[in-house]
Amino acid sequence: MSANPAASATSESAEPARNLLVARDVHKSFGQTEVLKGIDLTVTEGEVVALIGASGSGKTTFLRCINLLEEFEQGSITVDGDPVGYTDRGGSRRRLSEGRLAAQRARIGMVFQSFNLFPHMTAAQNVMLGLVKVKGMAKAEARSLADHWLARVGLADRADHHPYQLSGGQQQRVAIARAVAMDPRLILFDEVTSALDPELVSEVLGVMKDLAKSGMTMLVVSHEMLFVRDVATHVVFLDSGRIVEEGEPHAVFKNPKSDRLRAFLGRFTDIIGDITAR
Ligand SMILES: Nc1ncnc2c1ncn2[C@@H]1O[C@H](COP(=O)(O)OP(=O)(O)OP(=O)(O)O)[C@@H](O)[C@H]1O
Ligand SMILES: [Mg+2]
């Protein structure tokens, strides 16, 4: 894992952490329905930002806009200073060519709820695919990188297994290894544990925690509130396409200001107790 000096975010670090993701006033509609109503969000290098909110609040849509899987009508998103998706010349906004979009996408990792592994390929081949096809890496080098990352997610002995021979948690860890192996600037996680049996959730959260510790910049949609509270550096609550509240997780959970957030957090009390009181 590439050591990231910003990761330790020590107060003595000479330079302030770079802004890796900057979203400004992002608006997105599906037909007549506006689902993102002006999202402003900055993620600095090494930060782990959690995006929480009710079903339909726009979390996935926002991630898909960042990863150029969705077009948005207004606003801007930059990753590492580079405007993603569009050029803006003299006020006229143009979607980039597919080639440029593909190059931009390669710098942003994404891990989904459904692991999206290729079933006919082994774990190692799944990890190697982007390295060879997108990065043009030689197969032997890609294999050694795949082995490295599979070992990092605890799957050294599963590299030559096909997805059907792996548990859901193992498949999701392969998907994470595949994303990280591409050496992205930023990784987006969209409810990556919600399709897993409860006993497999913690192994995937453990891998994500390890990544966070290593300094990977992460934007994580999750309903795992204890993970959010303990691992995220910043939490953002999205409600009906707007950021309603955000801040340091312990503070936000302990003292939710809006009724909407209080009601949202209340839904988790059955599982984790009263998180606002912790
Ligand atoms: N392709 C689409 N076409 C039309 N409407 C869509 C499309 N994708 C999402 N929507 C709508 O946009 C809104 C936001 O959806 P989104 O998937 O971003 O929510 P979410 O916060 O990720 O929810 P969940 O927690 O259920 O995953 C919803 O009302 C949804 O129905
Ligand atoms: Mg979603």
Side-chain angles (χ1 to χ4, degrees), residues 21 23-41 43 48-77 79 84-86 95 98 101 105 108-116 168 171-172 175-176 179 186-198 200-201 204-205 208 218-229 231-232 234-247 249 252-253 256 258-272 275:
L21 172 77
R24 285 287 165 264
D25 196 31
V26 174
H27 289 255
K28 162 79 190 165
S29 298
F30 290 109
Q32 299 296 309
T33 315
E34 192 174 34
V35 298
L36 298 180
K37 299 171 182 162
I39 302 290
D40 286 294
L41 181 69
V43 180
V48 178
V49 174
L51 207 52
I52 60 171
S55 179
S57 56
K59 305 178 298 294
T60 296
T61 304
F62 182 54
L63 293 194
R64 287 174 58 85
C65 287
I66 297 168
N67 205 23
L68 306 140
L69 295 170
E70 214 61 84
E71 300 188 18
F72 53 98
E73 299 85 34
Q74 192 186 319
S76 68
I77 299 175
V79 170
V84 297
Y86 300 88
R95 187 80 172 158
E98 273 308 313
L101 294 179
R105 259 181 216 121
I108 306 167
M110 183 140 183
V111 185
F112 303 89
Q113 177 178 348
S114 53
F115 331 121
N116 296 346
Q171 290 183 58
Q172 192 57 291
I176 293 172
L186 166 77
I187 305 195
L188 314 173
F189 293 86
D190 193 2
E191 295 197 45
V192 297
T193 57
S194 53
L196 299 177
D197 290 338
L200 302 179
V201 168
V204 172
L205 292 181
M208 291 169 68
M218 298 163 49
L219 181 54
V220 182
V221 172
S222 181
H223 291 303
E224 297 291 337
M225 289 303 146
L226 294 179
F227 174 83
V228 169
R229 188 196 63 185
V231 178
H234 193 83
V235 62
V236 172
F237 173 57
L238 207 59
D239 185 51
S240 304
R242 283 198 179 87
I243 293 177
V244 179
E245 226 169 297
E246 61 181 304
V252 168
F253 286 170
S258 61
D259 292 342
R260 304 299 297 236
L261 178 55
R262 201 167 301 119
F264 175 75
L265 292 174
R267 290 181 214 165
F268 295 91
T269 49
D270 284 355
I271 315 162
I272 55 175
I275 197 163

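Residue numbers start at 1 and run along the sequence shown. Ligands are counted one by one from 1 in listed order, and the atoms in each one are counted from 1 as well. Keep in mind that what you see is a predicted model, and the values were worked out from it rather than measured.
Of all protein heavy atoms, the one closest to atom 9 (C) of ligand 1 is F30 CE1, 3.4 Å. Counting protein heavy atoms only, atom 12 (O) of ligand 1 is closest to V35 CG1, 3.1 Å. When hydrogens are left out, the protein atom nearest atom 29 (O) of ligand 1 is G56 O, 4.1 Å; that is the closest non-hydrogen contact. Regarding atom 26 (O) of ligand 1, its nearest protein heavy-atom neighbour is S55 OG, 2.6 Å. In terms of protein heavy-atom proximity, atom 21 (O) of ligand 1 is nearest to K59 NZ, 2.8 Å.
Taking the six-membered ring for Trp and thresholds of 30 and 60 degrees, F264 and F237 have ring planes inclined between 30 and 60 degrees apart.
Annotation for V26 and S76: closest pair CG2-O, 3.7 Å, computed over non-hydrogen atoms.
Taking a cut-off of under 4.0 Å to the non-hydrogen atoms of G58, the atoms of ligand 1 that pass are 14 (C), 18 (O), 19 (O), 20 (P), 21 (O). When each atom of ligand 1 is checked for a heavy atom of E191 under 4.0 Å away, the hits are 24 (P), 25 (O), 27 (O). Residue A54 has at least one heavy-atom neighbour below 4.0 Å for each of these atoms of ligand 1: 21 (O). Those atoms of ligand 1 that come under 4.0 Å of a heavy atom in S57, given as number and element, are 19 (O), 21 (O). Less than 4.0 angstrom separates some heavy atom of T61 from each of these atoms of ligand 1: 14 (C), 15 (O), 16 (P), 18 (O).
With a 4.0 Å heavy-atom cut-off, ligand 1 is reached by the backbone of T60 and by its side chain too.
A donor-acceptor pair under 3.5 Å is absent between the side-chain atoms of Q172 and the main chain of S114, judged by distance alone. Of the possible polar contacts, none joining the D25 side chain to the G38 backbone as a donor-acceptor pair under 3.5 Å is found. Checked by atom type and distance alone, the side chain of E245 pairs as donor or acceptor with a backbone atom of S258 at under 3.5 Å. One N or O on the side chain of R105 and one on the backbone of N67 form a donor-acceptor pair closer than 3.5 Å.
In summary, T61 places no N/O/S atom under 2.8 Å from the Mg ion (ligand 2), failing the contact criterion.
For atom 31 (O) of ligand 1, no protein non-hydrogen atom is found at a distance below 4.0 Å. When distances from atom 4 (C) of ligand 1 to the protein are checked, a heavy atom turns up under 4.0 Å.
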* List the steps, then state whether side-chain contact (heavy atoms from CB on, under 4.5 Å) holds for L36 with H27. => CA-CA 5 Å; L36 298 180; H27 289 255; 5.7 Å; no
* Going through the checks in order, is the side-chain contact (heavy atoms from CB on, under 4.5 Å) test met by K59 and E191? -> CA-CA 10 Å; K59 305 178 298 294; E191 295 197 45; 4.2 Å; yes
* Please step through side-chain contact (heavy atoms from CB on, under 4.5 Å) for the pair S29 and E73, ending with a clear verdict. => CA-CA 8 Å; S29 298; E73 299 85 34; 3.8 Å; yes
